[in-house]
Each structure stands twice: as C-alpha cells, then as structure tokens.
Trainee: 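Got a structure for you, written out below as structure tokens; questions coming shortly.
First the proteins, then the strands, lettered A, B, ... as listed; each starts at 1.
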Amino acid sequence: MSVTSSVFKPVVAADRVDYPKLEGSIQNWWDEQNVRQQYLRRNEHSEKKFSFLDGPITANNPMGVHHAWGRTYKDLYQRFKTMQGYRQRYQNGFDCQGLWVEVNVEKDLKLETKGDIEKYGIAAFVEKCKERVFTFAKRQTEQSIRLGYWMDWGNDYYTLSDENNYTIWSFLKKCQERGLLYKGRDVMPWCPRCATGLSNMEIEGEGYKELTHLSLYVRFPLVDRPDEYLLAWTTTPWTLAANVAAAVNPELTYAKVEQDGEYYYLAEQLLSVLKALKGHDKGDYKVVETLKGADMVGWKYNGPFDELPAEKDVKHSVVPWKEANASEGTGIVHIAPGCGREDFGLSKELGLDVVAPVDEFGIYKEGFDWLTGKHTSEVGKLVAENLTQKGLLYRPQNYKHRYPTCWRCKTELIFRLVDEWFISMETLRYEIMDVVRQIQWIPAFGFDREMDWLRNMDDWMISKKRYWGLALPIFDCQQCGNFEVIGNREELQERAVAGWETFDGHTPHRPYVDEIKIKCQQCGSEVSRIKDVGNPWLDAGIVPFSTLHYRTNHEHWQEWFSADFVTESFPGQFRNWFYSMLVMSTVLEKTAPFKTLFGYATLMAEDGSPMHKSTGNMVVFDDAAERVGSDTMRWLYANHVPEQNLNFPAIPSDKDMQKSAETGMPVRLSEKWMLTRRTLDKIWNVYWFFVTYANIDQFDPTRHQLPVARRSELDRWIISELQQTIQDVTTGLEQYDTTKPAEAIQSFLEDLSNWYLRRSRERIWKSQLDEDKIGAYLTLYECLTTMITLLAPFLPFLSEELYQNLVRSIDEQAPMSVHLCDWPTVRAEFIDEQLTRETHLVMRIVGLGRAAREKAQIRVRQPLNALYVHVPTGTEEEALRRLSDQVLEELNIKQLELMSADSDMLAYTVRPQVKVLGPKYGPLVQKILAHLKGLSAHEAQEAATQLHTTGTLSFTVADKEVSLSQDEVQILATARPGFVTAEERGYIAALETTITPELREEGMVRDLIHFIQDMRKKAGFNIEDHIGLALYTDINLAQVLQPYQQEIMAETLALNLLLSISQRDFPSFEEVYRERISPESPKKLEGYTIEIVLGKNVRDGSQL
RNA sequence: GGGCUUUUAGCUCAGGUGGUUAGAGCGCAGUCCUGAUAAGACUGAGGUCCCUGGUUCGAGUCCAGGAAGGCCCA
C-alpha cells in the first residue's frame, strides 16, 4: 500500500530540520501575506488595552544577543496580550543623541579633538551623527525582524525628534519654575579628550580600570619648625601645583619621627610606610613623640609649588577632615580643591583658596610657569624631578589602583572645577521615592535598588560641552547673571530678537539653534543659548510623555499613560532610564510613568565572563540567528531565571557551518544548546508522529468528532493535563514570568510524548479506524494544536510552521496565522484530578516494575507471569485494580496481584508524623522519635499490628505513657528481603521471576519481531509498506515459531511468511534484504540460528 | 565604609508559612526500550546545604556575627 494523497504535508524527521532555514521561509511567507500588519490591527477596536513602553535602543551599532534577550520579553508579552485581545501601540524606540554617537562619527571621520570637529563644521558633523543613527536604526530593525520581533516598524520613535526635544524643553522649563534648575560650580569627573564633564551616572562600573600611576610621598616643610615636615602622599602628582592645604583626621594619632636628623609627621598606624620606603639613602627612624591630629590643626607649611604665580597668595595650613584616615598613604592628605571632589567640598566648608590649574583639555593654564601648556598626563615625572631638585620629594613609588576612565573613549579622567547645569535633588528625591512606591518592581529587590540610588543621588548634572544632542534651552545672561529657560519652539520664536531666520526650518540642534538671541528680561541685554547639549538620559526619560504627544494631544496621552509594562536590563538602568523617567514624570505629573517594571540581569559569555568585542568572545546576533535559530535563542531566554546573569552558550563555528554545508545536514549544536533545542525537537517528533500516521490513515480531524466523555481514560487524562497547562502558562505570563510557563509546557510535552504517545502507539498502529483510534487521533491533534497556540509567543516561527500544516491546510475558516488566533482558555470541566492522580499512580508502579526488572536483570521483552504490588491506601488499591492493564502492558507481565497488609512479602516500619507530634508533645518528641527508631524489625511489625487492630500505639517513654493515634504515626510497608522488589515510600512492586518455557518462547518471538522491524528500516521500507518475509531455521526453532506466524506477520506488515527448514524453498517475492542471526552474530536469539529474508513485490498473498 | 544580591551534588539551579529520607536537569557509570533515534526509560555513584553562634522538641529554612563572589553607591 502506498499513500495516494496526504491530508497533511509530509514532515521530515526532527534530526533533518534546519530551523534557521525554516525560519527564513516562514518570514518570507509572513511578508508576502502581510501577516504582521494584520496582527498589528487585530485588536484595534478592542475595549481592553495594554500599554507597553519600549525603552529606546541606542541606534549606534548593530544589536547584539543581549538586546535579543530583552526583545524576546518585549515581543513575548505583547504577543500574549495581543492573543488575549488587548489593543496596543507596538511602538519601537531608537535612542539617537549623545556622546556615544559622536565618538563613533569622530572615529569614522578621523577627527581627534573638539578643535577638529569645529574645523570640520558643527553642522556637517551633526548631520553625520544623524546619518549614523538612521543607518543603525535600519539595521537594528532588520535584525529585530529576524528575531521574530513584531513591532509597528516604520512608526518608531526617535529621541532626536523635534517632539522629543521640545518636550524636554517644557520639562526643563517646569524645573526652572520650581527652582530646581541651577548653574553649579563644582569639581566634576572630566574627560580631557572629549573635553566634557561626565555625570556620576556615567563613570561607574565599566568606567573603572586597574591602572598603575606614579605616586609621590612629598615633604611639606613646616613654618616655624625647622627641619620638621609633614609627610603627604598623592597618586596624582599634577594636582600638587594646586595644593592649598594638608588635611589630618583630628581623632587620629600621629607620630613625629626622627630620621637622618630630620623630623616627619605621619599617622602612627602608617609608620610601616617608612620601613617599606627606607632604601639605601635613608637611615633608621625613631618615634620622638605622638600627638592627635587635632593638635596639628592650624600649623603653617610651605607649599610644594609656592614659586608659581598661581600659588603666590595661597596660605598653606593643616586643616581637620573627618575623612582623612589611616587606610593608605600617610594619614596626611594633600588638598587641592580645584582638582578633587572632596577637596572642593572641604574648601567650601573651611573657606580655603581654590586653584584650578587646567583647561578643558587637561592643559595647564597661564600662571604655572614651566607647567603651562603641558598636559596633566605627561607631568608626573617632571613634577617628581622638580620636587627632588627642591628637596621636597621623600620618595616616588608606582601605585596600582582602580581609576576612572571615560566610558566611551577610555581616556583617563581628571577632576576639574567647572560650571555645569544641575537639577537639584534636595527635595525632589523624596517626591520620587513616593512615586517609586506606586510601582510593582520585578524582581522585588529592584525597589530597594532604586530607593538606594535615590537616597544617594547627587544633583543631576544635565549639561555636556559637546555638539550632538539636545540643545539645552537655557539662556544665561552674561551681564546680570539672570538665566531663563525656553519651554517650546513657539516661545523661542516669540522671544527671539535675532537669528530666527537662520534657525527656522532646522531641527532644534546645534549649530542653528545657537544663532538665536533673546533679550534678558532682567537687564535687557542680548543673550545667547549656553553652548552645552543635554545629558542623553533626558532624551530617554521623556519618552513616556513625548511618544504619547503629551503637549499636543493630551487626551491621547492620558489614554496610554502610564505604561502598564516596561522591561530593561536592570544593572545600570536604576540610575539611567528608570531614574530619568522617574525624575521627569515626578516633576511633570507627580506620578509613576509605568505600573510594572520587569528587570533582567546581564548576558555573559559561555564561561561567565563579560562579552566584549576586544576579548573575542562576542556573539554576533546575526550569526546566532543563522546558526542556532531565533526560536531556539528565544527558548533559551524564556527558560532562564531573569534576575540571574545568563551565560550565552557558544554558537557553531565557521568550520562547523562549512562542514554542515558540505554534508547537507543541519549544523550540530553544542551540548548546552541541545538542552534548549531538545524541546523543539520533541515538539517536532510528536508533530512528525501525528502527521505520518494521520496521513497513512487518511485521517482528517475536521471530518471526525467524538465527545471527550466517550474517549478513553488515557485521552481524558492528557486532555486534563492540557487544561492544567493552559492554566499554568496563562497565570505565569500574567505575572510576567516566562520560566514557569516554559516549564509547564515542557512538562506537558513530557507527558504527551513519553506517556500518552507510548501508550497510544498500539491504538494507532492497529489497522481499523474505530472509535478508539479516532479518539486517539483527535486527542493528539487537539493537544498539538493547543500547545502550539500556547507556544506562539515563545516560538513564533516553529508554531507557525506547525499551525499552517496542522490547521490551515485542512480548515480555510481558521485564522490565517497562529498569531491571529485567540489565546486558549481553560475548559475546567475537562480537568479530572482523580484521573491525574491515578495515572501518576500507574506511572509510579510501572517505574517500580522497571526497577525490579533491572534488579532481576530481565529485559522487558521477556514476558513474565506476575507482578505483586502494594500501595498505601485502599483508594489506590481500587484504582490499580481498574488500571492494571496499563501497568501490565507497559511491563510485559501477565497478571497483577495486590499484596494485602498481611502479605508475607512485606515488612513494616513506623513513621512518626513529626508535624503533628511536635506541637502536641513538645520536648518529649525527640524521646518518642528515639524510641520508635530503636524498634527491631519484629517490634515494628508488632507495633504495626497493634495500630491496625486497636487504632492506637501505646508505649512508655521517659516514665510517661504515650498513646499515638493513626494520625500521629504512619505504618510504612517495605519489602522483605528475598524477593526481587522495588519500593518507594510505601509503594512496592515485587516480581515473579520464574521464566517458564512458554514465557521464554514468547520472549524469543518478541525479539524476533523486533529484529525484523529493525531490518525493515535498514532495507528502506516505509512505515506503511507491506513486505514479504521468509525465515530459514532448524526444526526446533521452526516448531517454536509455528504458532506465532499470524502475530509475526501482523506486527511486521508481512503479506506472506515462508517458514522453512530448507534453503531450497524459495519465497514468492523479490528479495530486498537478508540477515543471519546466530550465536556468533551481534544479535542473538538464544542459541538458535535463523536467516531472515525481507522482500517486496509479493506475488502470492496467501500464506504457506 | 553603606545598600542590594548570591553561596545547596562535578556543572547549572529548585527547595511557600521551620518537621527528621534535601530534589531536578546536565555530566559520569551501568542497564533497558525503540519504525519518535542528536530521542526516551530505569538504576547507581556523587551533599559538612559557606562558617560560627543563637532561638526551638526540631534549622537548608528564622535571628545575630563572620567569610567569599557579583552588582550598585560612597
């Protein structure tokens, strides 16, 4: 028989599926059919809505696999909500402005400094920045589509848009109105290459590098104390030229030591430094006296660079500072308020002089004599030499420490006194905290992280002295010191007294916006915009407003604000996107910009190390998609606990890909990837099984119906499990958890393929299409189609492939894509808990039976006569009596006997129920436990009998009469030694191992059938092909096989069977395959020899 | 120095409200089953639940202190 026409498209075996290729063809089909567009419109008239707000992806490079992680969540939840009928916006966002884009454009144009940029022309430079952003936005869109990310592509928001920028202006205006905005003079971390300050959001984490610097121990000669010196230590020699004070901790004990006739002061605890630095040129030292830091305060000393004009008027003295400590250095801290954060703070507190030595490029200004014109990074040694000449250097020493670098260009930062613009957090932080409390944080510790950040957050520095970014709408009057903030384009036009014509027609970016001049409202002078651009987190933080047209369409904004859901990688975002959104939303509306925040951790390389381009362990997204497949990648993400870092397994190498191309086989994945891929393969296997057999039977599910109530117990069980799975997946996703749903699906798949399908084989294998077989097909079909609907948000490609073949190919009325289907609902009436319990009981007993066979070393193909089973409860006994067939069939055993409580195969132990006994008996519990544990096997048996007959177990312990009820102590049956048994918590299976001659023959026949099946496959027959069969053997085996001929033929689809003891008998078919089984061959049939011949084109259908 | 987080089998991780026999997957060793075959089942080896102290009849679980790693902030 051959299949003339298929109901379903025939399916290749799971090991031949090329998933990435399959994904490509499905993508093409989606594109041709405009499926995504239909998906986007599906719920446009729905009452329910789900407001997702996309955190903008930086459009500066191709996206990586770490973006794919986040985008998998974004896509998955939006798809889920779509299937549930929620109206959505599906808007993707691109982050466009900021230094990171500038840095790349500079590289492309080979520009080194800000001077180069200005020579190149700001207008042209800004244009290049825009170009770069659009280029990568396009690229990222293509990549996202490859991931199966369905957004309203083309309707994206860009943070460079006028709307975005002007909405930030209105925010800043509001800040000014509330008095939150100010110009601050402070020492900031500063990148001398980028010539801009960095906000403290920018220098943490990756910014720090382990670096070695020249550190100096310097002698500060004390005034009026001849030959006495303060010993100070610094890791930044260039700052010595700006020294104004030396700080000591007033609480700390300092020592005055004598060495080579000179006296030094330093912290007592750090005297070891002197030893460590001794060297040949220094003599021994001895402590002359000790004193408190407080005693030294006020002492005058001569600064190390008093000869410089800039230091001329500075009076150096010892000042008190709580932060000075004895953890390193000398306990005496060199203070240069123009070059250090804390130093500057101290100077404000104590009214110290401030010397700011370098310009924006880190070059010494006028007034520093020989240092003027030199760069901070080149003067370390020169300073050391100069100090040596002046006799002020005690010792130089190389010092390794963590030092901040520019997070974009890796240049070492310096600290520099600058004018920058800030938003004050003094009172705002508490308002934001109130807003943070309104938000659901997943994981919950996100709340604590954000609160911690808010508690510690300094004022937000929003200005940056660069070119490409938000033009800060601040007009700072140089005449009278008044500053004004412009809130929108119209206001700008109104206030402009010059430059509007030049600006008009351009986006609000540099340089055109710089042309505008306004009139100072206070003094009437003409005022220019400050040249600074904005911190890029302003750009991202405003999107809950700008993307919803807060300024221009308030109603629309109200409809979608606040977002139901946002998700990003949390390390970092607490101080970046989450933070900036919170600040802006608190200022503008005093309310939370999103209701639920879902954060996930960091993606690492396979070995747990950070993924970096430079270390070569970077996985390129496109490679991952093409070598492993998007669905597999998505499944990896969905299965991962989000709050833990994810180690991304290595993908197949170029070599692997080449090999795959040569052999034509799908590329082999690593063991780690297979952990993930196996689920897809299992789904495919079940799918293959269904399609293959349904085609053989010409089974079209639309043409058959059978109420669930009329189906078999097995069918009803798996349908019940399916309902439970729908329930678990739905609940999990509603709580923004993918791991439990993924687990639920996997566990259902195990039940379906390992138990349901195994148990259904016989039903489907039999020839006639009766009600039982129809029930099996329908059940399997329903399980498959429901499961792929549940999987659609997780595995959009695979689920579509299966849907098209399983559903659309036979039902034109069905939605054209699985992604246009409704989310499955639970049919509570199909949940049968008793049946679930009973099926699990059967599985458990079968497991024990297999274990017993293992112990007896009797393979399952060898039939056995009896299995003796004990279960703990009467209900289970009753169930097992009903379900014994399933157990026996699985285990290949003839009969199942229940062992009663008094069976001589059983022994007993007593098991106290501590949870009940504990509260009742208190301290006595441990004694009772000891007593019961000490019972001999015989005593335990008696105790069991006593409890069975009287209902209580009484004994004396610690002079107290104890009487335990059946609730308090459980009797557990165990197997008595001497039988081949397996047991588990009161469940016991014992095997009758006698193999009678009849059983032995049956076993041999089963072996033989198995061998023939194997040969069919080797000979290349299809599953449904009929064959001719000839068996040549000796008289003994022939006699054994004689009665089983019908069975052999039926099982192997043989049309005829020649069983002969003479090779001279020829079969009436064309021989295809021949194999000899003998004691010498790898396959064995006890001691017999038999030659098996398989053939086709059977001439005579009648048997011998 | 402060906040958050982690520490359980060789590896990756589960282990509501405390209950005496701490689990899973992978890996390893062995066996079985198989016309789902890169699959599946079973068995086995493998544990000081990071350490110390406390609360309790009873602590992987609660409390305190400490150690180590990660993230964040000073």
Trainee: Holding to side chain to side chain contact (heavy atoms under 4.5 Å, CB included), I want the full list of residues that pass it with P443(A), two or more places apart in sequence or in another chain.
Mentor: F445(A), F570(A), E643(A)
Trainee: The side chain of Y693(A) is closest to which nucleotide in this list: rU20(B), rA38(B), rG35(B)?
Mentor: rG35(B)
Trainee: Suppose we screen for side chain to side chain donor-acceptor pair (under 3.5 Å). Which residues come up paired with D448(A), at least two apart in sequence or across chains?
Mentor: none
Trainee: How does RNA chain B look in dot-bracket notation if pairs are Watson-Crick or G-U with both distances under 3.5 Å, crossing ones as [ ], other-strand ones as |?
Mentor: (((((((..((((.....[...)))).(((((.......))))).....(((((..]....)))))))))))).
Trainee: For atom C1', what is the distance between rC33(B) and rC51(B), given to the nearest Å?
Mentor: 48 Å
Trainee: By side chain to side chain contact (heavy atoms under 4.5 Å, CB included), which residues pair with R759(A), not counting sequence neighbours?
Mentor: L714(A), W755(A), Q886(A), E889(A), E890(A)
Trainee: Do Y693(A) and F699(A) have ring centroids that are under 6.0 Å from one another?
Mentor: no
Trainee: On a whole-Å scale, what distance lies between the C1' atoms belonging to rA64(B) and rC26(B)?
Mentor: 38 Å
Trainee: Please report the distance separating the P of rU6(B) from the corresponding atom of rU17(B), rounded so that it comes out in whole Å.
Mentor: 15 Å
Trainee: Assuming nearest nucleotide by heavy-atom distance, tell me which of E342(A) and R449(A) is located more 5' along RNA chain B.
Mentor: R449(A)
Trainee: Of all the choices, rC57(B), rA39(B), rA38(B), which nucleotide is nearest to the side chain of R668(A) once you look at every atom?
Mentor: rA38(B)
Trainee: Which nucleotide wins on minimum distance to the side chain of D452(A), given the candidates rG35(B), rC33(B), rG3(B)?
Mentor: rG3(B)
Trainee: Taking the same atom, C1', in rA67(B) and in rU48(B), what whole-Å distance lies between them?
Mentor: 16 Å
Trainee: Whole angstroms only, please: what is the CH2-P distance between W684(A) and rA38(B)?
Mentor: 15 Å
Trainee: Would you mind reading off the distance between D1025(A) atom CG and rG35(B) atom P, rounded to a whole angstrom?
Mentor: 16 Å
Trainee: Compute whether any side-chain donor of one residue and acceptor of the other, for N892(A) and R1006(A), lie under 3.5 angstrom apart.
Mentor: yes
Trainee: Can you figure out which of rA41(B), rC32(B), rG35(B) approaches the side chain of V860(A) most closely?
Mentor: rC32(B)
Trainee: RNA chain B: M674(A) or D1007(A), which has the more 5' nearest nucleotide?
Mentor: D1007(A)
Trainee: Using atom names, set out every protein N or O paired with an N or O of nucleotides 9-18 of chain B below 3.5 Å, distance rounded to 0.1 Å.
Mentor:
residue, atom, partner, partner atom, Å
rA14(B), OP1, Q644(A), NE2, 3.0

Trainee: Between rA39(B) atom P and W688(A) atom CH2, what is the distance in whole Å?
Mentor: 16 Å
Trainee: Could you tell me the separation between the CE atom of M425(A) and the P atom of rC73(B), rounded to a whole number of Å?
Mentor: 15 Å
Trainee: Between N805(A) and Y687(A), does a side-chain contact (heavy atoms from CB on, under 4.5 Å) hold up when you go through it step by step?
Mentor: CA-CA 10 Å; N805(A) 195 20; Y687(A) 166 60; 2.9 Å; yes
Trainee: In whole Å, what is the span from the CZ atom of R844(A) to the C1' atom of rA41(B)?
Mentor: 17 Å
Trainee: For rG54(B) versus rG47(B), give the span between their P atoms, rounded off to a whole number of Å.
Mentor: 28 Å
Trainee: For L917(A), answer base if it contacts any base atom (sugar-phosphate contacts may also be present), sugar-phosphate if it contacts only those atoms, and nothing otherwise; contact means non-hydrogen atoms under 4.0 Å.
Mentor: nothing
Trainee: Which part of the nucleic acid, if any, lies within contact of K927(A), taking any heavy atom under 4.0 Å across all strands shown: a base, the sugar-phosphate backbone alone, or nothing?
Mentor: nothing
Trainee: For R761(A), answer base if it contacts any base atom (sugar-phosphate contacts may also be present), sugar-phosphate if it contacts only those atoms, and nothing otherwise; contact means non-hydrogen atoms under 4.0 Å.
Mentor: base
Trainee: Heavy atoms under 4.0 Å, any strand shown: does A601(A) hit a base, just sugar-phosphate, or nothing?
Mentor: nothing
Trainee: Is the centre of the Y777(A) ring less than 6.0 Å from the centre of the Y781(A) ring?
Mentor: no
Trainee: Starting at CZ of F570(A) and ending at P of rC72(B), how long is that distance when rounded to a whole Å?
Mentor: 11 Å
Trainee: Taking the same atom, C1', in rG69(B) and in rU8(B), what whole-Å distance lies between them?
Mentor: 16 Å
Trainee: Looking only at side-chain atoms of W453(A), point me to the closest of rC33(B), rC73(B), rA39(B).
Mentor: rC73(B)
Trainee: Taking the six-membered ring for Trp, are W453(A) and Y579(A) closer than 6.0 Å centroid to centroid?
Mentor: yes
Trainee: Any Lys/Arg nitrogen of E450(A) or R575(A) sitting under 4.0 Å from an Asp/Glu carboxylate oxygen of the other?
Mentor: no
Trainee: Identify whether any heavy atom of L757(A) sits under 4.0 Å from a base atom; if not, whether one sits that close to sugar-phosphate; answer base, sugar-phosphate or nothing.
Mentor: base
Trainee: I need the CG-C1' distance between N892(A) and rC32(B), as an integer number of Å.
Mentor: 13 Å
Trainee: Could you write out each protein N or O paired with an N or O of nucleotides 24-31 of chain B at a distance under 3.5 Å?
Mentor:
residue, atom, partner, partner atom, Å
rG27(B), OP1, E671(A), OE2, 3.0
rG30(B), N2, E854(A), OE2, 3.2

Trainee: Does D1014(A) reach a base, just sugar-phosphate, or nothing at all? Heavy atoms under 4.0 Å.
Mentor: nothing
Trainee: How is Y921(A) classified with respect to the nucleic acid when contacts are heavy atoms under 4.0 Å: base, sugar-phosphate, or nothing?
Mentor: nothing
Trainee: Among rA38(B), rA74(B), rC42(B), which nucleotide sits nearest the side chain of R850(A)?
Mentor: rC42(B)
Trainee: Identify the two heavy atoms, one from G732(A) and one from P741(A), that lie closest to each other, and give their separation to 0.1 Å.
Mentor: CA-CG, 3.8 Å
Trainee: Which value, in whole Å, describes the distance between the P atoms of nucleotides rG60(B) and rG16(B)?
Mentor: 13 Å
Trainee: Would you indicate whether R16(A), at its atom CZ, is surrounded by more than 12 heavy atoms from other residues, nucleotides or ligands within a distance under 6.0 Å?
Mentor: no
Trainee: Can you name the closest pair of heavy atoms from F955(A) and I928(A) and give their distance?
Mentor: CZ-CG2, 3.9 Å
Trainee: Would you indicate which nucleotide in rG3(B), rC33(B), rG19(B) comes nearest to any side-chain atom of P919(A)?
Mentor: rG19(B)
Trainee: Taking the side chain of E750(A) as its heavy atoms from C-beta onward, which of rG3(B), rC57(B), rA41(B) lies nearest to it?
Mentor: rA41(B)
Trainee: Salt bridge between R627(A) and D656(A), side-chain N to carboxylate O under 4.0 Å?
Mentor: no
Trainee: Please determine whether a side-chain nitrogen of the Lys or Arg among E801(A) and K9(A) lies less than 4.0 Å from a carboxylate oxygen of the Asp or Glu.
Mentor: yes
Trainee: Can you check the Q926(A) CD to rC57(B) C1' distance for me, whole Å?
Mentor: 5 Å
